[in-house]
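I have placed the structure first, in the form of structure tokens, so that the comments after it can refer back to it.
Proteins get letters first, then strands, A, B, ... in listed order; numbering begins at 1 in each. Heavy-atom basis, side chains included; hydrogens, waters and symmetry copies ignored.
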Amino acid sequence: MDLRKEYITLKKELFDIYYRDLNNKQREAVYAVNGPVLILAGAGSGKTTVLVNRIAHIIRFGDAYNSDLVPEFVSEDTIEEMKKARTLGKRELGDYLTKFAVSPAPAWSVMGITFTNKAAGEIKTRIGEIFGEESDEYSSIMTGTFHSVCCRFLRRYGSLVGYDTNFSICDTADSKNLITECMKRLDIDEKTLAVKSVQNTISKAKDKLMTPEDLAGEAGNDFKLKKIAEIYSVYQERLKTQNLLDFDDIIMATVELLSGHEDVRNTLQRRYRYICVDEYQDTNFAQLRLTLLLSGYYKNIMVVGDEDQSIYKFRGAVIENILSFDQNYDNTRVIKLEENYRSTQTILDAANSIISHNTGRLGKTLWTQSEKGDPIIVSNLDTQIDEGRYISTVISDERTKNGFSFRDFAVLYRMNAQSRAIEQALVKSAIPYRVLGGLRFFERLEVKDIVSYLYVINNPMDDVRLRRIINTPRRGIGNRSVEIAVLLAYEEGFSLLEFMRNARKYSAISPSASKSMQEFAFLIDSLRESVAKMTVSNFIMKVIDDSGYERMIREIENKTERDERLSNLDELINTAKQYEQTSDEPSLSGFLEEVALISDVDRYDDEADAVVLMTIHSAKGLEFPIVFLPGMEENVFPGYQTIMNPEELEEERRLAYVAVTRAKKKVYISHVNSRMLNGQTQMNQISRFVREIPDSLIQQTAMDSYRSPYSSGYYGKRTGSAFSGKYNYDWSAGKPETKQSKPKTPLEVFEVGDNVSHGLFGNGVILSVKQMGGDILYEVVFEEHGTKKLMATFAKLKKIN
DNA sequence: AGCTAAAATGTTTTT
DNA sequence: CATTTTAGCT
């Protein structure tokens with residue numbers, strides 16, 4: 001009897017030894033194999049390690065740890081053997097432990113959904129390290145983003161929900177074009193209803209799994225919403241006839257597939273016994289439904305997330321998904337990972353302090369065993385040119401004095417537009433760097449054009465892409481002819497390409513245009529015939545050549561521009577070559593899917609020795625020894641759109657939390673007195689997020705004086721404060737004179753009922769006055785332009801009588 | 001009808 | 001400031 005107990009205790013001990021690199025909480029998460037598990041993982045708490053180990057654990061040992069199963073006869077010898085195993089090496093111990101396995105799951109029955117393809121790839125690589133890259137486990141495990149996983153389902157079962165299996169994915173820009181077209185068809189003026197907001201509303205509706213009818217139903221008397229529902233309806237119909245899905249459709253159609261087709265649902269629910277979802281705080285309603293459906297049979301679902309890092313509300317993420325996970329599943333096990341392995345205590349204290357200003361948190365406090373580390377360095381510069389120079393000087397300094405490499409630095413900003421000034425400074429200092437995001441690679445004009453050719457060749461119904469390339473390079477098919485062709489094609493029920501093949505039969509198209517159209521259709525048709533005969537990369541070269549695109553680019557006068565474009569096309573070809581090597585069955589449609597779903601961060605390679613510049617959003621999930629946070633100013637970060645809205649402000653604060661927690665060793669924060677943004681010079685106060693960091697964690701450098709108390713309105717111009725930090729650079733070198741920021745002329749103050757005039761909106765009456773930080777918010781009713789909310793500093797209102 | 005050049009306009013974050 | 005829209009020119 002006692003032997004049996006000892007057997008169980010020893011078995012657990014051996015597993016604990018095997019996972020000795022993990023802490024107690026992490027181990028608990030790995031052992032929690034069956035049933036719903038919620039892991040609240042703070043930044044840098046080793047959640048990828050947990051995810052990988054847990055998946056491997058499920059595959060190798062199943063529920064071995066928790067099981068009370070004991071062989072019928074346990075002898076002293078067995079116990080002795082187990083005791084000896086304590087000293088085995090990691091690998092041998094792992095092999096030994098497989099004999100305790102209890103219903104281990106085949107690798108193909110485990111699904112890991114992550115936020116980026118890169119994270120998915122990392123999980124796969126680490127699974128490969130455990131099982132070997134040649135193993136079945138490595139090749140059969142299903143990892144990917146929500147979108148890539150859903151695409152795989154739709155390629156297989158898409159016909160059940162009305163999509164042909166060679167469907168294409170339509171990105172945001174393409175979908176915007178299509179919506180514009182739909183609005184034209186419905187005769188809705190773009191000025192009364194902005195395309196962007198229509199697109200946004202439709203996207204949000206899809207996130208909530210609402211059909212056009214649902215949206216119309218919810219609209220009630222809301223005229224605008226009714227119109228949008230109408231557009232949505234037409235848009236959806238157009239997408240379907242062209243065999244296109246937008247990003248939201250990918251999820252929505254998969255949910256539709258699973259909820260509407262019991263047989264498919266049963267098959268998939270039983271196939272995927274274990275589901276793991278990463279970054280759960282950023283899932284939207286549709287994704288929640290999807291996970292509920294997939295895990296509906298076994299309910300073995302583990303979600304990992306951090307409510308403090310939820311930064312995609314604007315994209316439909318519902319933070320409640322993680323906050324109320326336990327309401328969707330009975331007997332949820334909750335495990336909190338709070339020990340941080342990434343940052344110094346100072347960085348964590350700063351991050352904790354910032355995030356503590358948010359309400360509605362589950363509450364988590366990161367701690368670490370590592371040292372206190374250097375203080376957060378806060379610098380005040382005059383302009384963003386100085387800011388760029390400051391950053392490049394610090395990089396050179398840290399590199400020469402403290403032995404860091406270029407790859408150890410990341411510059412994280414709120415908006416892509418901020419990268420320019422920093423790039424210029426880095427170029428001047430000859431510091432190698434890469435920018436992620438911004439004009440994303442696949443969104444560059446020439447890349448998009450060639451990819452559009454590929455889309456049309458892959459799916460001839462794709463009118464959206466066809467319209468993009470119909471006259472690029474110039475073929476003498478002008479806008480007017482295209483408009484007519486689209487209209488006629490629609491009436492006759494043809495795709496645009498099909499119509500163009502027979503363009504000459506229609507007298508409405510001018511003879512010269514119809515000739516060009518037929519030639520173009522012939523070009524596409526003949527390219528289509530060679531797709532199967534060559535590799536994707538070779539085919540792309542053929543397209544670039546045959547379409548006349550290369551000739552067009554070579555005719556560009558400007559050398560730099562020409563070379564830039566040619567090198568972008570080269571990179572496209574290289575991407576295709578890479579794809580051919582990594583994919584098991586390379587095909588044009590496979591390549592196109594990758595093109596549509598891959599993000600810039602996925603392409604980020606941390607081996608290259610270069611400083612990396614990206615938005616804070618893109619940086620989520622990454623870490624760097626030294627992080628620069630430029631532009632920590634009110635109206636920039638937090639952005640001016642968010643300042644009025646407490647909820648959005650909290651999201652900005654979470655973003656600040658994400659930013660700070662990317663750093664392992666040091667954080668350099670900077671803010672400037674005057675910033676050129678959108679062609680206007682702004683004078684912004686230091687960001688409230690910096691003020692939320694305790695003084696004791698901060699070291700100020702340069703001419704800072706920002707720490708004036710809240711109440712004393714202005715700042716940035718206290719005189720006489722000396723340089724105080726160890727970094728004492730001459731920022732103004734090379735400039736004739738550094739302009740002291742000018743004292744603001746006291747603004748005229750208005751009261752409710754005052755008559756005022758505005759440069760743009762004309763005359764109006766003050767409706768309300770609200771004190772906002774160091775500024776005043778006026779609500780004004782204008783005679784011509786209705787009610788507007790204006791900040792006193794920017795509006796330049798004048799009193800009239 | 002198509003192309004080029006000047007005018008207007010509008011700006012967060014992304015799979 | 002950089003892209004998109006519109007007016008004028010060929």
Side-chain angles (χ1 to χ4, degrees), chain A residues 113-120 144-151 169-173 175-177 180 190-191 194-196 199-200 203 206-207 245-252 279 282-284 286-287 310-317 412-421 436-440 442-443 445 470-484 508-514 516 593-602 614-620 631 635-643 648 651-652 654-656 658-659 676-681 760:
Chain A
I113 303 176
T114 58
F115 195 67
T116 61
N117 290 294
K118 191 167 186 273
T145 62
F146 270 102
H147 294 268
S148 67
V149 165
C150 287
C151 268
I169 298 159
C170 183
D171 71 15
T172 318
S175 118
K176 193 179 165 198
N177 286 338
T180 314
E190 272 180 49
K191 272 155 201 148
V195 182
K196 236 185 150 179
Q199 185 176 28
N200 226 297
S203 171
K206 287 184 177 180
D207 286 345
L245 289 105
D246 66 20
F247 288 131
D248 308 307
D249 283 333
I250 296 172
I251 313 290
M252 194 168 166
E279 305 282 10
D282 284 323
T283 53
N284 60 34
Q287 290 164 334
S310 166
I311 55 174
Y312 282 105
K313 192 174 170 226
F314 73 92
R315 204 173 77 187
L412 310 180
Y413 35 77
R414 176 68 240 268
M415 286 176 295
N416 284 305
Q418 287 174 257
S419 72
R420 279 295 166 86
L436 300 196
L439 253 188
R440 297 225 287 295
F442 288 107
E443 281 167 16
L445 198 72
I470 202 163
N471 201 30
T472 327
R474 305 255 129 83
R475 319 189 154 77
I477 307 174
N479 244 322
R480 183 92 192 110
S481 307
V482 175
E483 295 288 332
I484 297 169
I509 310 279
S510 76
S512 67
S514 70
S516 302
E593 182 171 317
E594 203 167 292
V595 164
L597 295 180
I598 209 158
S599 72
D600 262 17
V601 182
D602 295 326
M614 65 179 109
T615 62
I616 302 166
H617 280 93
S618 314
K620 178 146 108 162
N635 294 318
V636 176
F637 189 24
Y640 71 97
Q641 298 96 327
T642 63
I643 277 179
E648 286 185 46
E651 175 136 324
E652 294 281 291
R654 290 193 290 269
L655 195 56
V658 169
M676 263 287 265
L677 213 61
N678 320 332
Q680 276 188 332
T681 306
L760 201 64

Do the side chain of [X] and the main chain of [Y] share a donor and acceptor less than 3.5 angstrom apart?
{"X": "Glu652(A)", "Y": "Gly639(A)", "result": "yes"}
{"X": "Asn117(A)", "Y": "Ser599(A)", "result": "no"}
{"X": "Thr283(A)", "Y": "Glu279(A)", "result": "no"}

Problem - Secondary structure string for DNA chain B (Watson-Crick or G-U under 3.5 angstrom, | for other-strand pairs) - result: ||||||||||.....

[X]: side-chain contact (heavy atoms from CB on, under 4.5 Å) partners, not counting sequence neighbours:
{"X": "Leu445(A)", "value": "Asp449(A), Arg468(A), Arg565(A)"}
{"X": "Val595(A)", "value": "Phe442(A), Val451(A), Phe591(A)"}
{"X": "Asn416(A)", "value": "Tyr413(A), Thr615(A)"}
{"X": "Glu648(A)", "value": "Thr642(A), Asn645(A)"}

Exercise for the section: Return the set of residues passing salt bridge (Lys or Arg N to Asp or Glu O under 4.0 Å) with Arg475(A) (not counting sequence neighbours), or none when no residue passes. Expected result: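 If we apply the salt bridge (Lys or Arg N to Asp or Glu O under 4.0 Å) test to Arg475(A), skipping adjacent residues, there are no hits.
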
Practice task
Output all residues satisfying salt bridge (Lys or Arg N to Asp or Glu O under 4.0 Å) with Glu651(A), sequence neighbours left out; order by chain, then residue number.
Solution key: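 With neighbours one apart ignored, the set is Arg654(A).
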
Handout entry: Under 4.0 Å protein heavy-atom contact, by nucleotide of nucleotides 3-10 of chain C - B base, S sugar-phosphate only
Key = --------

Handout entry: SB check Asp246(A) Lys206(A) (cutoff 4.0 Å)
Key =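 Judged by the 4.0 Å cut-off on N to carboxylate O distance, Asp246(A) and Lys206(A) do form a salt bridge.
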
Practice task
Considering only atom P, compute the distance from dT13(B) to dT4(C) and round it to an integer number of Å.
Solution key: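 It comes out at 15 Å once rounded to the nearest Å.
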
Exercise for the section: For dT11(B) and dT6(C), measure between their P atoms and round to the nearest Å. Expected result: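 Going atom to atom, P in each nucleotide, I get 15 Å.
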
Exercise for the section: Just call it for Arg654(A): base, sugar-phosphate, or nothing, with non-hydrogen atoms closer than 4.0 Å on any strand. Expected result: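 It contacts nothing in the nucleic acid.
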
Exercise for the section: Decide whether Gln199(A) and Ser175(A) meet the rule of one side-chain donor and one side-chain acceptor closer than 3.5 Å. Expected result: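 Yes, because at least one side-chain N or O of Gln199(A) sits under 3.5 Å from a partner of the opposite role on Ser175(A).
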
Tabulate atom names and distances for all N/O pairs under 3.5 angstrom spanning the protein and nucleotides 3-6 of chain B.
from: dC3(B); atom 1: OP2; to: Asn471(A); atom 2: ND2; distance (Å): 3.1
from: dT4(B); atom 1: OP2; to: Arg474(A); atom 2: NH1; distance (Å): 2.9

Protein and nucleotides 12-15 of chain B: nitrogen or oxygen contacts under 3.5 angstrom:
from: dT12(B); atom 1: O2; to: Arg414(A); atom 2: NH1; distance (Å): 2.7
from: dT12(B); atom 1: O2; to: Arg414(A); atom 2: NH2; distance (Å): 2.3
from: dT13(B); atom 1: OP1; to: Asn416(A); atom 2: N; distance (Å): 2.9
from: dT13(B); atom 1: OP1; to: Asn416(A); atom 2: ND2; distance (Å): 3.0
from: dT13(B); atom 1: O4'; to: Arg414(A); atom 2: NH2; distance (Å): 3.3
from: dT13(B); atom 1: O2; to: Arg414(A); atom 2: NH2; distance (Å): 2.4
from: dT14(B); atom 1: OP1; to: Thr615(A); atom 2: OG1; distance (Å): 3.1
from: dT14(B); atom 1: OP1; to: Ser618(A); atom 2: OG; distance (Å): 3.2
from: dT15(B); atom 1: OP1; to: Ser599(A); atom 2: OG; distance (Å): 3.4
from: dT15(B); atom 1: OP2; to: Arg440(A); atom 2: NH2; distance (Å): 3.4
from: dT15(B); atom 1: O2; to: His147(A); atom 2: NE2; distance (Å): 3.2

Exercise for the section: With sequence neighbours left out, write down each residue that passes ring-ring contact (aromatic ring centres under 6.0 Å, His included) with Phe115(A), or none if nothing qualifies. Expected result: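 For Phe115(A) the ring-ring contact (aromatic ring centres under 6.0 Å, His included) partners, ignoring immediate neighbours, are Tyr312(A).
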
Exercise for the section: Can you sort out the partners of Phe146(A) under ring-ring contact (aromatic ring centres under 6.0 Å, His included), two or more places apart, ordered by chain and number? Expected result: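 Here no residue qualifies.
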
